[in-house]
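The structure under discussion appears below in the form of structure tokens.
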Amino acid sequence: MGADTHSDGTARAGARGAAVEIALFGEPRVSANGARLQLPDRALAVVALLSTHAGGAMRRADARRLVFAEADPERAAANFRQTLARLRKLQVETGATLMEEEGETLRLVSGCANDVAAFLSAPQASRDPAQDARERLGLYRGEFLAGFDSLNPEFDEWLAEQREALRALFVETAAAAVAADDLLSERERVDLARRVLLLDPARESVARALMRLLAARGDAAGAQAVYDTVKTRLARDYGARPEAATRAALEHILARPDAAAPPSPEPDAERRVGAPRVLILPPVAISHDAVDSGLFAAFLEDVTVGLARYRSFVVLAPHTARVAALAADRDEAIQRVGADFHVSTALKPALGGAAVSVRLTAANGQVLWVTDIDWRADQMTRAFAEIVRHVVASLVDAIERTTLRAPAAAPDATAYRLVLEGRRCLVTVDLPNLRRARKWFRQAIARADGYAAAYADLARTLVLEYLVLGLADGEGLDDAASLADRATHLDPADWAGLRSRALADLYARRHDPSLERFARAAALAPNDADLRADYADALAFSGDPEGGLAMIGEAMRLNPLHPGYYDWIRGSILFQMRQYREARAALDPVKTNPAVARLLAATCARAGDRAAAGRFARALRENYPGFRADDVWRLSPNRRADDTRHLVEALKEAGVD
């Protein structure tokens, strides 16, 4: 590391005259000379307020009123002085000057690179319009202050208004750029139009422009898909139909002689996604009477289907596998078809019957995983499904671990590699890990904007953030639903998009559509443990805790080394069923997660442990100072009012007013 940073990359003293960058679109980041500054949330809120005001300045009293609205005036003034003092101290220590105080005015210093201020500034007449459009639109990397903690109702209302205003300004600016034929390239206009429609699906002028751009490529099917998506969203969200101009645009496209021509694929699209290509070779069979050839064929078929259901892999066709296996130089044939991994199986005699050897080999010839399975027809019939599940899970794990060895920051990192990094962050569901995961998923989308898995996982982080932070009704859920729908549109057979949309439906209290989507996803991925864990949560919130408990038990069986949120879900269900001691034991592995303090306070109170209930209630107040027990009525998606009342009363018993 350089002399001006700690080993963790944060700035330290000595960086005098540091170049300061303020990035508030997407996950907020303030840095000096490229090293991140660790600003307290309240100080970051002040920086955000100044960034959205003309000239980067506002009155101290106005800033204080928004940042500390939950406190009485005297305490708010003292807390605000302390926040400014901490900010001044940070500036002295790092040499990173962010703000100046001029009497009763606070002002951002000139010279800071500030994405929001630059986005709000008027275009310079002397600049190249195309370059100005690219730079301005490129600044909007995501929602303003994405993932920022709730401070108080007044600040949260201001933040919601700013997010909506900035989103609307981006949509208007981007729509104008898409409509201009001579401003941006065709590829830039297509990408920009897709971004706009994710944020505002009812923007039909942009939809029509995108349809025409796709048709000009010969992608009439893509134009039809755009129309279908707009039609579905309009009917669902507004009870409306597409405009006559939009219907006419589609009819004109489909009437063209070349409308049936297949789209011209982007030559590097598959490379940018980087989904591993897996070849499952025919078995090497050694004749043995104890081998049931029909059962073994079914085993290989189920392993193939199991891998394909993950949707993260490209499983090459059996015909390709047979041709490669029969080639004189099998290794060369495998390399020629572009397989990143191949699975080989062998039947061989063993004591008392036969054995099946399954081996996973990388393209460089390295054997990554191997197992031998006793193959006795009488036992295999009973254990068949479990053995298939174990083999598929082991193959997936070995492929993912191998892929994760490559550096995620490499310039040629694939979208698949970036998604794996994001999923690794979600092993622990807390705010820092959610933010880190979201960064990886957004990078994956930037790398390959047609990668369904990245959209599905990004949608899931928005729902989990809603849960962890206890956000206002519906905040972030509509965005999550749009992203999940995008994933399902890109790959209808991918269950992950259905799961993320089902979660968004659940927390928006659309219980029946949520359960229906979970059931469809489970049919596509019958052995995915994480899906079953979320399904268990939905069943419990929908008034079926017994079904939820059985489902989370199945998830834990499928994933014995499960992440902590499995325990959170199981503990929540047991609390709902009034099994308080069992709930307390279930929650013990996640007791240090601040987001679980609310449930632990209620559980300990009902279990009769007043001291523990008080400790968790204090932790809840420290991490979520504005939280009140009655907020559960707004936050919980319980279908049954008695379930919500049960939690509210238990929290009040714990001392949470």
Side-chain angles (χ1 to χ4, degrees), residues 309 385-386 389 393 429 456 459-460 463-464 466-467 477 480-481 484 495-590 595-596 598-600 602-603 606-607 632-633 635-650:
R309 275 178 168 151
E386 183 64 24
R389 187 199 65 78
V429 180
R460 187 163 179 260
V463 179
L464 292 174
Y466 174 89
L467 174 62
L477 296 181
W495 53 268
L498 286 170
R499 176 180 71 167
S500 294
R501 180 55 198 270
L503 281 172
D505 285 340
L506 171 64
Y507 287 98
R509 296 176 174 83
R510 298 187 288 263
H511 295 93
D512 291 335
S514 173
L515 293 178
E516 187 269 336
R517 286 189 169 96
F518 270 123
R520 285 166 55 197
L524 290 170
N527 292 317
D528 188 87
D530 292 350
L531 168 61
R532 289 183 174 273
D534 289 340
Y535 197 175
D537 216 17
L539 287 167
F541 280 126
S542 299
D544 183 12
E546 293 80 7
L549 188 63
M551 186 69 75
I552 192 64
E554 179 67 12
M556 289 178 164
R557 186 185 70 79
L558 291 170
N559 188 3
L561 302 177
H562 52 265
Y565 73 89
Y566 283 38
D567 301 299
W568 186 357
I569 291 171
R570 184 168 183 268
S572 176
I573 295 173
L574 289 168
F575 174 86
Q576 182 183 0
M577 297 174 70
R578 278 65 171 175
Q579 298 179 23
Y580 304 118
R581 295 188 183 278
E582 293 86 348
R584 171 70 187 278
L587 293 170
D588 191 65
V590 290
V596 191
R598 181 175 68 193
L599 179 58
L600 275 163
T603 300
R606 285 294 169 97
V632 173
W633 289 104
L635 299 172
S636 174
N638 279 319
R639 172 177 270 173
R640 301 187 306 200
D642 284 347
D643 289 332
T644 304
R645 187 177 297 108
H646 173 216
L647 179 55
V648 171
E649 291 174 351

Straight-line distance of [X] [atom1] to [Y] [atom2], nearest 0.5 Å:
| X | Y | atom1 | atom2 | value |
| --- | --- | --- | --- | --- |
| I569 | H562 | CD1 | NE2 | 10.0 Å |
| R570 | E582 | CZ | CD | 8.5 Å |
| L574 | L587 | CG | CG | 8.0 Å |
| I573 | E546 | CD1 | CD | 10.0 Å |

Flag side-chain contact, heavy atom, 4.5 Å: [X] against [Y]:
| X | Y | answer |
| --- | --- | --- |
| R520 | W495 | no |
| R532 | D528 | no |
| R460 | D534 | yes |
| R578 | R606 | no |
| R640 | Q576 | yes |
| L635 | R598 | yes |

Donor-acceptor check, side chain of Y566 to backbone of G553, threshold 3.5 angstrom: yes or no?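 It does not hold such a pair.
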Is there a donor-acceptor pair under 3.5 Å between the side chain of S500 and the backbone N or O of A456?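 Side chain of S500 to backbone of A456, a donor-acceptor pair under 3.5 Å: yes, one is there.
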I need the minimum non-hydrogen distance between [X] and [Y], along with the two atoms involved.
| X | Y | value |
| --- | --- | --- |
| T603 | A583 | CG2-CB, 3.8 Å |
| A480 | V463 | CB-CG2, 3.7 Å |
| T644 | S636 | OG1-OG, 4.0 Å |
| A508 | L477 | N-CD1, 3.7 Å |
| H511 | P637 | NE2-O, 2.6 Å |
| V596 | W568 | CG2-CD2, 3.8 Å |

Does a side-chain N-to-carboxylate-O contact under 4.0 Å join D505 and R501?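 Judged by the 4.0 Å cut-off on N to carboxylate O distance, D505 and R501 do form a salt bridge.
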Kindly indicate, with the supporting measurements, whether the criterion salt bridge (Lys or Arg N to Asp or Glu O under 4.0 Å) is fulfilled by D512 and R639. CA-CA 10 Å; D512 291 335; R639 172 177 270 173; 2.7 Å; yes
Kindly write out the residues that satisfy side-chain contact (heavy atoms from CB on, under 4.5 Å) with P589, not counting sequence neighbours, or none if the list is empty.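 Expected list: D567.
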How would you list, by chain and number, every residue that makes a side-chain contact (heavy atoms from CB on, under 4.5 Å) with A602, sequence neighbours excluded?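 Residues passing side-chain contact (heavy atoms from CB on, under 4.5 Å) with A602: F575, L647, A650, L651.
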Run the side-chain donor-acceptor check on residues 535-542: report pairs under 3.5 Å with partners two or more places apart or on a different chain.
from, atom 1, to, atom 2, distance (Å)
D537, OD2, Y507, OH, 3.3
S542, OG, A538, O, 2.8

Within 6.0 angstrom of R581 CZ, more than 12 heavy atoms from elsewhere: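 Not more than 12 within 6.0 Å, no.
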